[in-house]
2 protein chains.
Amino acid sequence: MPPKDRDAGAPPRGRDAGVPPKDRDAGAPLKGRDTARTRRAVLDAAARTVARQGAGVSLDVIAREAGVSKSGLLHHFRSRDELLRALTQDQVDRFVADVRAAVDPADHAPGRLVRAYVKVIFEDLDDEAVVSEHLLLAAALSTVPGVAGILQEDARQWESAFTADGLHPDRVLLITKAADGASLATLYEGGSNPAALERTRDLLLSLSRGEGPFT
Amino acid sequence: MPPKDRDAGAPPRGRDAGVPPKDRDAGAPLKGRDTARTRRAVLDAAARTVARQGAGVSLDVIAREAGVSKSGLLHHFRSRDELLRALTQDQVDRFVADVRAAVDPADHAPGRLVRAYVKVIFEDLDDEAVVSEHLLLAAALSTVPGVAGILQEDARQWESAFTADGLHPDRVLLITKAADGASLATLYEGGSNPAALERTRDLLLSLSRGEGPFT
DNA sequence: GATAGCCGACCATCCGGTCGGTAGTACAGA
DNA sequence: TCTGTACTACCGACCGGATGGTCGGCTATC
């Protein structure tokens with residue numbers, strides 16, 4: 001369940017919703033008061049800093065990156081644990097949305113969801129900042145009380161979605177686990193090797209089309 | 001590269017090497033002075049506590065678990081980072097040794113190393129304590145300076161070992177990545193489902209024998 | 001007697017979280 | 001449209017506790 005680091009998210013509900021994307025989370029202080037926007041800024045900052053420094057980042061660092069004070073952060077997330085839980089949920093939601101959006105509307109063959117899944121994972125792997133993110137999140141998991149439950153729920157939903165995708169269960173299992181493993185690999189294999197990644201990706205995609213590609 | 005939590009390791013070089021396995025790392029203070037034994041105790045304690053509490057465990061907790069004082073620990077590992085680096089290297093070495101030992105001597109068909117790899121990974125996955133360990137280690141990675149290099153070196157060695165294993169590269173890629181992914185999955189799918197794990201394992205093993213098992 | 005494994009006490013630092021206060025913001029009423 | 005008021009996003013200062021690491025000393029071992 002790798003995430004994306006790209007900007008924005010749900011448009012803020014507040015008055016001046018259409019803020020110029022300029023001053024979005026750069027460490028610069030947020031202008032005006034807008035709960036939704038601040039929460040987004042904090043969540044994005046948390047994702048970035050966790051990816052960069054590990055699950056042990058201090059609230060202060062996250063807050064500064066988001067352009068608020070630590071107290072300001074604590075006003076929106078009552079504790080560190082709550083922040084990390086919200087972060088986890090956010091990343092999971094984003095990933096789900098990304099995969100849904102990546103489903104090819106012209107593709108009606110079995111395995112279309114699996115293909116979207118593979119595509120999104122490998123898209124994320126090109127982006128260095130994102131790579132370790134979901135791994136480190138998983139690391140924070142064991143410490144933070146609620147996180148495991150969120151991930152389990154997510155896994156359950158994927159499983160049922162995949163069974164409706166029309167592919168042989170073993171094939172789904174193999175492809176998705178391999179995609180997950182590939183995302184793990186970029187972490188300990190060092191800066192991703194784009195060529196190898198693409199090869200893996202193409203292999204998985206062809207497998208999802210029912211081909212048995214190797215001799 | 002999941003590790004094992006089982007006791008011992010290299011037999012200590014000191015005088016009373018054959019200590020009764022009774023008082024091995026249980027939090028009980030070590031008796032006698034033996035560098036090798038103490039280092040082992042600390043490394044094992046570190047592996048256990050990291051698996052249990054995440055990469056953020058304090059030196060004090062690790063030390064107590066190993067039956068030494070924090071100062072005693074610091075005497076053998078000059079800093080926290082050095083400890084975590086040594087731990088990483090240790091786990092990597094153990095995993096390599098486990099896989100080597102798991103190679104079936106009667107098995108001379110292509111893919112014998114891949115089969116051993118798969119077997120060892122899934123053996124570890126049954127053990128709850130071990131599950132998250134290598135994941136959390138990977139998390140400590142991003143923080144601790146030297147760790148990434150250790151893991152990269154390890155990955156390189158596996159790659160070359162696998163190319164000598166006689167299987168089609170794509171097949172190796174698929175199987176090993178899927179095994180890695182499965183180990184990831186036990187983390188966020190919650191307490192491993194033994195039946196599903198065994199099914200995945202058998203699928204990967206049959207794939208390693210050149211079969212193309214699904215329709 | 002020398003080396004080194006090991007310890008207790010100590011220290012500077014950092015971190016999560018609290019508290020009291022300030023100032024944008026929204027809204028009611030005129 | 002202006003004003004007053006209630007609300008709340010946000011902040012700086014602060015606190016208790018924990019943590020990584022140091023230091024000087026003790027003693028088991030060679």
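Keep in mind that the numbers below use all heavy atoms, side chains included, and drop hydrogens, waters and symmetry copies. Order of the sequence lines sets the chain letters (A, B, ...), proteins ahead of strands, with each chain counted from 1.
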Colleague: With heavy atoms under 4.0 Å as the rule, sort B/Val61 into base, sugar-phosphate or nothing.
Modeller: nothing
Colleague: How do A/Lys70 and A/His75 order along DNA chain D: which one's closest nucleotide is nearer the 5' end?
Modeller: A/His75
Colleague: Mind calculating the distance between CZ (A/Arg33) and P (C/dG24) to the nearest angstrom?
Modeller: 7 Å
Colleague: In whole Å, what is the span from the CG atom of A/Asp34 to the P atom of D/dT8?
Modeller: 15 Å
Colleague: What is the distance, to the nearest angstrom, from the CD1 atom on A/Ile62 to the C1' atom on C/dC15?
Modeller: 12 Å
Colleague: Of all the choices, C/dC15, C/dG5, D/dT8, which nucleotide is nearest to the side chain of A/Ser58 once you look at every atom?
Modeller: C/dC15
Colleague: Between B/Lys177 and A/Asp180, is there a side-chain N and carboxylate O pair less than 4.0 Å apart?
Modeller: no
Colleague: Report the residue from B/Asp154, B/Asp44, B/Asp124 that forms a salt bridge (charged side-chain N to carboxylate O under 4.0 Å, His left out) with B/Arg94.
Modeller: B/Asp44
Colleague: Has B/Ser69 got a side-chain N or O lying under 4.0 Å from the OP1 or OP2 atom of C/dC6?
Modeller: no
Colleague: Atom CG of A/Asp60 to atom C1' of C/dC14: distance rounded to whole Å?
Modeller: 10 Å
Colleague: Can you tell me if B/Tyr117 and B/Asp165 form a side-chain donor-acceptor pair at under 3.5 Å?
Modeller: no
Colleague: To the nearest angstrom, how far is B/Arg64 atom CZ from C/dG8 atom P?
Modeller: 11 Å
Colleague: NE2 of B/His76 versus C1' of D/dT22: gap in Å, rounded?
Modeller: 17 Å
Colleague: Is the phosphate of C/dT18, meaning OP1 or OP2, less than 4.0 Å from a side-chain N or O of A/Ser71?
Modeller: no
Colleague: I need the CZ-C1' distance between B/Phe77 and C/dC6, as an integer number of Å.
Modeller: 14 Å
Colleague: Whole Å only: how far is the CG atom of B/Leu74 from the P atom of C/dA4?
Modeller: 18 Å
Colleague: As a test of reading the structure: which of D/dA9, D/dG21, C/dG16 is closest to the side chain of A/Leu59, going by heavy atoms?
Modeller: C/dG16
Colleague: Would you sort out whether B/Arg115 and B/Asp104 count as a side chain to side chain contact (heavy atoms under 4.5 Å, CB included), showing the intermediate values?
Modeller: CA-CA 9 Å; B/Arg115 277 186 285 285; B/Asp104 181 354; over 6 Å; no
Colleague: Can you find a donor-acceptor N/O pair under 3.5 angstrom joining the side chain of B/Arg80 to the base of D/dT19?
Modeller: no
Colleague: Please determine whether the number of non-hydrogen atoms from other residues, nucleotides or ligands lying under 6.0 Å from atom CD of A/Glu159 exceeds 12.
Modeller: no
